[in-house]
Number of protein chains: 2
Amino acid sequence: MVSVPITRFSSLGALKETSPKTVATTRQRLSPEVRERQIVDGAIAFFAEVGLSGQTRELALRLSVTQPLIYRYFPTKQDLIDRVYEEVFVGRWRAEWSDLISNRERSLRERLIEFYRIYARDVLTYDWIRIYMFAGLAGEDINRRYISLLEDQLLVPIVREVRAAARAPKPSEVPVKGLEIEAAWHIHAAIFYYFVRKHIYHAKTEPDLDAFIEDAVDRTLDGALAVTARAFPET
Amino acid sequence: MVSVPITRFSSLGALKETSPKTVATTRQRLSPEVRERQIVDGAIAFFAEVGLSGQTRELALRLSVTQPLIYRYFPTKQDLIDRVYEEVFVGRWRAEWSDLISNRERSLRERLIEFYRIYARDVLTYDWIRIYMFAGLAGEDINRRYISLLEDQLLVPIVREVRAAARAPKPSEVPVKGLEIEAAWHIHAAIFYYFVRKHIYHAKTEPDLDAFIEDAVDRTLDGALAVTARAFPET
DNA sequence: ACTGTTATTTATCGTTTGATAAATGATACC
DNA sequence: GGTATCATTTATCAAACGATAAATAACAGT
């Protein structure tokens with residue numbers, strides 16, 4: 001009931017050294033570009049932590065900004081969420097990763113290990129995996145679109161390489177079965193689930209990430225090769 | 001503003017045939033046990049679908065009941081959520097599943113296939129996997145407790161059996177490494193992730209579940225055996 | 001058939017929350 | 001240094017939402 005005057009201060013350090021005469025307990029006027037960037041970044045971290053039903057007031061509090069200011073930059077909360085989706089999901093996939101998988105100058109094992117090291121570092125972050133899961137549970141089609149991308153750009157190439165490594169016929173000769181795609185998913189699932197346990201369940205995980213990825217690729221690739229070789233006994 | 005009288009009717013068919021003289025557009029008085037059961041079941045389905053931030057009013061609507069009635073059975077919404085957790089998570093794990101894994105009268109492959117067929121049917125349902133993920137994202141410790149249970153009752157036994165099948169030393173002789181537990185997680189992840197794709201992302205998945213499970217066990221177990229055998233070359 | 005019990009509903013409260021309008025003040029420009 | 005611009009804040013609204021109190025009616029027991 002009693003409106004307590006909240007002492008605000010910049011929690012972001014010096015974003016822009018504008019006449020630091022006083023210790024900025026006063027209002028801070030930033031350029032729209034900088035402020036928008038700050039709101040989007042804050043929203044990503046905030047929604048990743050508490051979910052997309054997090055309140056704009058609490059987000060504003062974390063940004064050390066008043067809640068209506070957010071509405072100057074984003075007309076509705078949904079607009080902000082859409083921007084977060086765009087920011088987090090669009091453009092994280094690198095086209096060159098398909099080439100990395102398909103480059104037969106190195107062993108498939110090495111290629112997969114290198115790919116998943118990069119993918120773990122650049123994609124499977126705390127923010128990404130949580131927002132991805134929140135979006136999935138909310139029924140957004142972003143997940144399905146991303147899965148389509150993965151199948152085209154990652155899983156199908158992996159199946160092709162597994163076939164080649166197992167000296168099995170090319171996909172152009174013998175069509176890819178659904179279970180072979182699922183097998184490629186197994187490799188992916190091993191890595192993905194590790195980060196689900198880490199970032200969503202906050203469970204204990206193997207601390208040596210490089211060793212884990214190497215081991216995960218070894219085991220799941222061995223299995224995929226063995227079953228594929230068994231399915232195509234003749235060369 | 002205008003309070004529209006909502007025409008209610010029993011959407012549950014005949015729960016209890018109490019003098020079906022009229023077609024029950026009137027208020028239905030159930031025994032507390034039956035009503036509570038109905039609310040809990042409805043809450044499980046409702047929260048699984050829309051998340052734990054779903055509104056009690058909408059839940060009541062789905063139950064064809066008024067919102068305050070829920071509060072007669074559960075003092076707060078959190079109490080209802082806790083009850084949902086208890087109902088969904090507690091007691092779904094069967095103690096005999098550990099024995100199933102450890103029973104060497106059959107091949108490990110067969111045991112794992114049978115276990116995961118049962119586990120998929122009894123545990124990895126739409127309701128369970130979604131509420132489990134919602135709870136994880138909300139930071140509930142239920143997930144961590146469940147993971148501890150899984151490690152003790154499932155993963156450690158699997159590692160023991162993999163060691164035996166690969167003619168490697170027993171865990172009592174050579175301690176289990178973190179990566180071996182992770183390898184057991186790979187098997188689990190393959191199955192689990194299939195249902196995440198199905199129930200959370202609503203993505204297309206292999207329609208033949210039995211075939212999928214058999215194949216998944218084949219591939220991931222092959223990999224686990226190969227790496228374990230490689231790690232212990234001598235018998 | 002009458003009556004007491006209590007399951008259920010109607011009405012409503014107080015807070016939360018997304019969103020808007022008006023007031024304020026920091027900065028750029030002359 | 002004065003002034004216009006507009007980024008930011010203060011004040012507030014309306015709907016949503018959890019929760020409570022009082023009224024109503026279904027059923028059991030006599």
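Worth saying up front: this structure is predicted, and the values here are computed from it rather than measured. Lettering follows sequence order; numbering is per chain, from 1.
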Should the pair [X]-[Y] be classified as a salt bridge under the 4.0 Å nitrogen-to-oxygen rule?
X      : Y      : answer
A:R92  : A:D122 : no
B:E33  : B:R37  : no
A:D215 : A:R219 : yes

Please state whether the base of [N] and the side chain of [X] form at least one donor-acceptor pair under 3.5 Å?
X     : N      : value
B:R29 : C:dT6  : yes
A:Q67 : C:dA19 : yes
A:R27 : C:dT24 : yes

From C-beta outward on [X], which listed nucleotide comes closest to its side chain: [options]?
X     : options                : result
B:Y71 : D:dC13, D:dG18, C:dT8  : D:dG18
A:P68 : C:dA21, C:dT12, C:dT10 : C:dA21
A:R72 : C:dT20, D:dA7, C:dT9   : D:dA7

Nearest-Å distance, [atom1] ([X]) to [atom2] ([N])?
X     : N      : atom1 : atom2 : value
B:K77 : C:dT15 : NZ    : C1'   : 14 Å
B:E58 : D:dG18 : CD    : C1'   : 15 Å
A:L69 : C:dA23 : CG    : P     : 19 Å
B:R35 : C:dT9  : CZ    : C1'   : 11 Å
A:L30 : C:dT27 : CG    : P     : 9 Å
A:R57 : D:dA15 : CZ    : P     : 16 Å
A:I39 : D:dA7  : CD1   : P     : 11 Å
A:F74 : C:dT20 : CZ    : C1'   : 18 Å

Verdict with reasoning, A:I142 to A:R145, per side-chain contact (heavy atoms from CB on, under 4.5 Å): CA-CA 5 Å; A:I142 291 180; A:R145 287 209 304 269; 3.9 Å; yes

A:Y73 vs D:dT8: side-chain N/O to OP1/OP2 distance below 4.0 Å: yes

Side-chain N or O of B:T56 closer than 4.0 Å to phosphate OP1/OP2 of D:dG18: yes

Pairs touching residues 189-204 of chain A that satisfy side chain to side chain donor-acceptor pair (under 3.5 Å), sequence neighbours left out: A:R197-B:E182

Nearest-nucleotide 5' precedence on DNA chain C, A:T76 against B:P32: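 Of the two residues, B:P32 wins.
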
